[in-house]
Trainee: 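First the structure, which I've put down as structure tokens, then a few questions once you've had a look.
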Amino acid sequence: MNDANAPRRVEHQQTDKGYVPVYTTAVVEQPWLDYSADDHATWGTLYARQRELLAGRACDEFLQAQDAMGMDARAIPRFDQLNEVLGATTGWTLVGVEGLLPELDFFDHLANRRFPVTWWIRRPDQIDYIAEPDLFHDLFGHVPLLMNPLFADYMQAYGRGGVKAHGIGPEALQNLTRLYWYTVEFGLIRQADGLRIYGAGIVSSKGESLHSLESAAPNRIGFELERIMRTRYRIDTFQKTYFVIDSFEQLMRATEPDFTPIYARLATQDTIPAGEVREDDHVHQRGSGEGWATDGDV
Ligand code: PHE
Ligand code: FE
């Protein structure tokens, strides 16, 4: 299971549409005893590096939760041990998976307060970047905030909203995915002492941790639900725009209403390019746009 040469990615199958990923939806036991010394060392290197970088950059809730869960640099955490703390705190459970899940399966897990975590960790030569989520991204990035009661509820509500959006159609789903992207993955939060990171895609990346807060290139714009749900995003470069919430309460309140009429309204409006700043935006910082690719928004 942990042969270094074994394929450790989502399998692909050749079809008339080219290679498509074969999703394994099954929940798998974390093969903790099979992790190699290299695997633990990769975790340790990434953990130590990000923790040092994130002091004063990640929001206090994230850093405190990570400590409270008992994660550290010594070894890859055991899901069953984390589950004891998490279960007692907010009632969430981590379940091991092979990789990305079909949308409806993913939503169903979240709606039931189960968070799917990829069980395998990247190879040592992938320390700085890996395109698909691995254990480090999922566990280090996503899991700590599940300890926060508000964020824990937000994730469950998102899962329920996902099931609903899935029933409405692909456009609704796209609107909802953008919200996930700009909050859960790439969100910034305004703390009393300045902007901090809470998005999992940022905290699990050294480059984006620095870029999101310190680069002059990206826009940093105040959270606005429908604006975000229209905004395209980047999957292969740093974000051109980050959206800033004032608090997790704000995020909860803004996303509480039924999205059904919102989806209907958004269906009549154009999407917004990833790097665009609009007249009615609450701009924390207008990006210089330096280094931006001209195309490639999804
Ligand atoms: N309120 C949303 C709906 O009715 C669900 C949701 C909650 C979506 C929280 C995202 C985050 O669809
Ligand atoms: Fe993620």
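Being a predicted model, the structure only gives us computed values, none of them experimental. Just follow the structure's listing: the first ligand is 1, and inside any ligand the first atom is 1. In this chain, numbering begins with 1 at the start of the sequence shown.
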Trainee: Going by the order shown, which atoms of ligand 1 are within less than 4.0 Å of some heavy atom of Leu176?
Mentor: 8 (C), 10 (C)
Trainee: In this structure, is the centre-to-centre distance between the rings of Phe115 and His142 below 6.0 Å?
Mentor: yes
Trainee: Please identify which atoms of ligand 1 are closer than 4.0 Å to at least one heavy atom of Ala157.
Mentor: 5 (C), 6 (C), 7 (C), 9 (C)
Trainee: Looking only at N, O or S atoms, find the one in His142 nearest to the Fe ion (ligand 2) and name it.
Mentor: NE2
Trainee: Test your reading of the structure: does Phe259 have an N or O sitting under 3.5 Å from an N or O of ligand 1?
Mentor: yes
Trainee: Over 60° means perpendicular and under 30° means parallel, so tell me whether Phe259 and Tyr263 are parallel, tilted or perpendicular.
Mentor: perpendicular
Trainee: Just to verify, which of Asp72, Asp67, Val203, Leu46 counts as forming a side chain to side chain contact (heavy atoms under 4.5 Å, CB included) with Arg51?
Mentor: Asp67
Trainee: Applying a heavy-atom cut-off of 4.0 Å, say which part of Lys164 lies close to ligand 1: side chain, backbone, both or neither.
Mentor: side chain
Trainee: Using a 4.0 Å cut-off to any heavy atom of Asp258, which atoms of ligand 1 qualify?
Mentor: 4 (O)
Trainee: Do the ring centers of Tyr198 and Phe248 come within less than 6.0 Å of each other?
Mentor: yes
Trainee: Side chains of Asp38 and Ser36: any donor to acceptor distance under 3.5 Å?
Mentor: no
Trainee: Evaluate the ring planes of Trp119 and Tyr35, with Trp represented by its six-membered ring, and classify them as parallel (under 30°), tilted (30 to 60°) or perpendicular (over 60°).
Mentor: tilted
Trainee: Using a cut-off of strictly less than 2.8 Å, determine whether Asp138 has an N/O/S atom near the Fe ion (ligand 2).
Mentor: no
Trainee: Using a 4.0 Å heavy-atom threshold (strictly under), name the region of Thr260 that reaches ligand 1: side chain, backbone, both or neither.
Mentor: neither
Trainee: Ignoring hydrogens and angles, state whether a donor on the side chain of Thr183 or Tyr154 is under 3.5 Å from an acceptor on the partner side chain.
Mentor: yes
Trainee: Classify the angle between the aromatic ring planes of Tyr180 and Phe106 as parallel (below 30°), tilted (30 to 60°) or perpendicular (above 60°).
Mentor: perpendicular
Trainee: Quick one: which ligand 1 atoms are inside 4.0 Å of a heavy atom on Gly161?
Mentor: 5 (C), 12 (O)
Trainee: Do Thr231 and Arg227 have side-chain N/O donor and acceptor atoms under 3.5 Å apart?
Mentor: yes
Trainee: Could you list the atoms of ligand 1 found under 4.0 angstrom from a heavy atom of Glu256?
Mentor: 1 (N)
Trainee: Using the Fe ion (ligand 2) as the apex, give the angle to atoms OE2 (Glu185) and NE2 (His137), rounded to 10 degrees.
Mentor: 130°
Trainee: Can you sort out which atoms of ligand 1 are near Leu179, meaning under 4.0 Å from one of its heavy atoms?
Mentor: 10 (C)
Trainee: Any nitrogen or oxygen of Thr255, side chain or backbone, less than 3.5 Å from one on ligand 1?
Mentor: yes
Trainee: Is the ring centre of His40 less than 6.0 Å from the ring centre of Trp32?
Mentor: yes
Trainee: Could you check atom 11 (C) of ligand 1 against the protein and tell me its nearest heavy-atom contact, residue, atom and distance included?
Mentor: Tyr154 CE1, 3.4 Å
Trainee: Output yes when the distance from some N or O of ligand 1 to some N or O of Pro257 is under 3.5 Å, and no in every other case.
Mentor: yes
